[in-house]
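Here's the structure, in structure tokens; my notes come after.
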Amino acid sequence: MSKYVIVGASAAGISAVEAIREVDPVGTITVISEESCPQYSRPMISDLVSGKANFERMMCRDDQFWGKNEVQALTGRTAVSLNLADKYVALDKGDRVNFEKLLIATGGKPFVPKIEGADKDAVFKFTTLSDAESLAAKIETAKSAVVIGAGLIGVSVTEALVKRGLKVTMVELQDNILSLILDAQASEMVENVIRKAGVTIATGQTVQRIVGKPEDDNVVGGAVLTNGEQVQCDLVIIAIGVIPRMELVSGTDVKTNRGIIVDRFMRTNVSDVYASGDVAEAYDFVFGENRLLPLWPLAQLEGKVAGYNMAGKKADYPGGTAMSALKYFSIPLISIGIANPKEDVAYEILTKHEPEKNLYKKIVLKDNVIVGITLVNDIEQAGVLFHLMKSCANVKKFKQELLSENFGFATLPKSLRKKLYPGE
Ligand SMILES: Cc1cc2nc3c(=O)[nH]c(=O)nc-3n(C[C@H](O)[C@H](O)[C@H](O)COP(=O)(O)OP(=O)(O)OC[C@H]3O[C@@H](n4cnc5c(N)ncnc54)[C@H](O)[C@@H]3O)c2cc1C
């Protein structure tokens with residue numbers, strides 16, 4: 001019996017351990033992790049491929065972390081099922097761990113569509129350290145790659161491959177790359193920068209079939225797109241997206257939608273069972289509803305809130321929203337909240353586009369409150385804009401200044417400054 005059992009030991013699981021230990025120094029904690037060394041920064045796996053980071057730099061906690069926190073770490077082990085009535089987790093070798101409180105922090109898994117030829121050698125997924133290590137090893141002998149998917153993961157792996165000297169073709173089903181976080185204008189600007197770096201971008205296309213090399217059909221030799229074009233390549237990386245890993249709760253009473261449904265304490269509908277991170281649908285303060293937001297800092301915060309509540313300290317999850325701060329191919333960009341507002345809702349959109357500076361700014365307002373921020377190539381004002389957005393400040397009186405070069409903390413009306421920054 002363990003007082004606390006946590007399945008998954010990445011951003012959410014680690015934060016939960018730390019929060020529990022803050023409140024309860026002695027309660028037994030068992031962590032179950034399929035990955036044998038889970039305490040690494042997942043967003044950095046492309047840095048491992050590009051050579052920017054090594055294994056040590058990627059570690060977000062040292063090897064002693066589990067011991068120091070007196071955690072029984074069952075690493076390299078898979079939780080295969082849950083018995084919520086008898087309160088235990090069944091493991092892959094037939095053993096079980098009983099719990100008083102359970103946290104499901106199983107994260108996401110790559111979405112892999114059925115593609116003919118996807119079983120050939122040199123077809124990769126890209127969500128784990130082990131995926132990155134396998135890909136990095138293969139790059140030594142490869143000259144070209146096809147990346148399927150031009151979302152955050154697809155673009156980051158593309159950049160890493162380009163840095164390693166590969167010729168890359170990025171294939172995207174939507175009409176624009178990064179379409180979940182950028183509008184068509186911003187996306188085009190980023191596309192131009194990526195193309196200049198030598199990448200071929202095929203939008204409105206997907207890979208229909210992966211073909212073998214003439215000398216060995218079992219090894220990747222090319223990818224056939226939906227328009228019939230065949231792109232020669234030595235590697236294919238499937239980076240279409242990540243979906244919540246909910247198999248543990250399937251068939252149980254735990255309520256799910258697109259992810260596990262949680263309240264603001266990270267509790268599921270089943271008593272003593274919590275969920276956090278990419279597997280959970282937590283509160284999005286822009287949409288005013290629970291949504292999937294697969295982001296590292298949010299997973300950490302959700303794990304922390306779950307840990308506190310599991311250990312008996314009341315903590316509220318304040319909510320998060322979609323937020324990406326990126327520097328792909330040297331172009332800095334920030335996207336927060338709504339990037340592509342639906343036309344049927346009363347949004348007001350402010351934009352500034354200076355092609356000669358490759359600069360683009362867009363603010364989406366609803367009822368004079370900021371609900372979306374996109375900044376390309378000038379991200380200086382992101383902090384103050386986000387602060388206004390997070391605090392739901394009414395910007396009616398100065399909205400025309402939001403995009404001006406001089407806009408900043410000092411130009412906010414004094415009364416608002418006092419409200420937002422009481423210590424100032
Ligand atoms: C390539 C890449 C780049 C990213 N870049 C960014 C970025 O720039 N910024 C950002 O904010 N976010 C980024 N993310 C997203 C971020 O990594 C995730 O939001 C975060 O890792 C979620 O943490 P988590 O703890 O919920 O789950 P995960 O990190 O997915 O970890 C879940 C863990 O649970 C384990 N597990 C699952 N099921 C079981 C089971 N049944 N038994 C035992 N163990 C199990 C898994 O093996 C895994 O170790 C990126 C993700 C990827 C893949």
Side-chain angles (χ1 to χ4, degrees), residues 5-17 30-50 58 60 73-82 89-93 97 102-111 124-132 135 147 149 151-160 178 181 237-250 259-260 262 266 275-282 292-304 306-307 320-328 333-336:
V5 171
I6 300 173
V7 186
S10 181
I14 288 172
S15 296
V17 166
T30 300
V31 161
I32 304 158
S33 164
E34 204 173 62
E35 292 187 270
S36 46
C37 178
Q39 67 273 25
Y40 65 89
S41 164
R42 201 171 299 283
M44 284 179 74
I45 62 172
S46 44
D47 293 337
L48 186 83
V49 173
S50 70
M58 289 175 70
C60 47
L74 303 179
T75 51
R77 301 292 310 277
T78 304
V80 290
S81 66
L82 294 182
V89 180
L91 302 186
D92 44 4
K93 292 181 186 156
V97 190
L102 172 69
L103 173 64
I104 301 163
T106 48
K109 59 182 176 188
F111 174 67
F124 296 90
K125 290 173 258 169
F126 197 68
T127 57
T128 65
L129 178 61
S130 126
D131 292 338
L135 179 59
V147 174
L152 289 168
I153 298 177
V155 177
S156 76
V157 70
T158 295
E159 185 176 32
L178 296 167
I181 63 158
I237 296 100
I238 301 173
I240 292 179
V242 171
I243 49 174
R245 241 187 112 168
M246 294 199 289
E247 55 264 31
L248 257 191
V249 298
S250 82
I260 296 176
V262 290
M266 295 293 137
S276 292
D278 285 8
V279 75
E281 260 184 22
L292 290 178
L293 290 168
L295 292 169
W296 182 272
L298 298 184
Q300 283 182 314
L301 183 55
E302 292 169 25
K304 185 175 177 176
T321 196
M323 181 163 9
S324 303
L326 308 160
K327 198 170 183 187
Y328 288 141
L333 61 99
I334 281 187
S335 164
I336 308 173

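When a ligand or atom number is given, it counts from 1 through the structure's own listing order.
- Pocket lining of ligand 1, defined as residues with a non-hydrogen atom under 4.0 Å away: V7, G8, S10, A11, A12, I32, S33, E34, E35, R42, P43, I45, R77, T78, A79, A105, T106, G107, G108, F126, T127, I153, R245, G277, D278, P294, L295, W296, P297, A299.
- The minimum heavy-atom distance linking F124 with D131 is given by the pair CD2-O, 4.4 Å.
- Contact check on K109 versus E34 returns no salt bridge, with no Lys/Arg side-chain nitrogen under 4.0 Å from an Asp/Glu carboxylate oxygen.
- Side-chain contact check for V249 versus T106: every heavy-atom pair is 4.5 Å or farther apart.
- With sequence neighbours excluded, the residues that form a side chain to side chain contact (heavy atoms under 4.5 Å, CB included) with A73 are W66, T75.
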Counting only pairs under 3.5 Å, give me each side-chain donor-acceptor contact of residues 297-304, with atom names and distances, residues two or more places apart or in other chains.
from, atom 1, to, atom 2, distance (Å)
E302, OE1, G277, N, 2.8
E302, OE2, Y317, OH, 3.4

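- Partners of E281 by salt bridge (charged side-chain N to carboxylate O under 4.0 Å, His left out), not counting sequence neighbours: none found.
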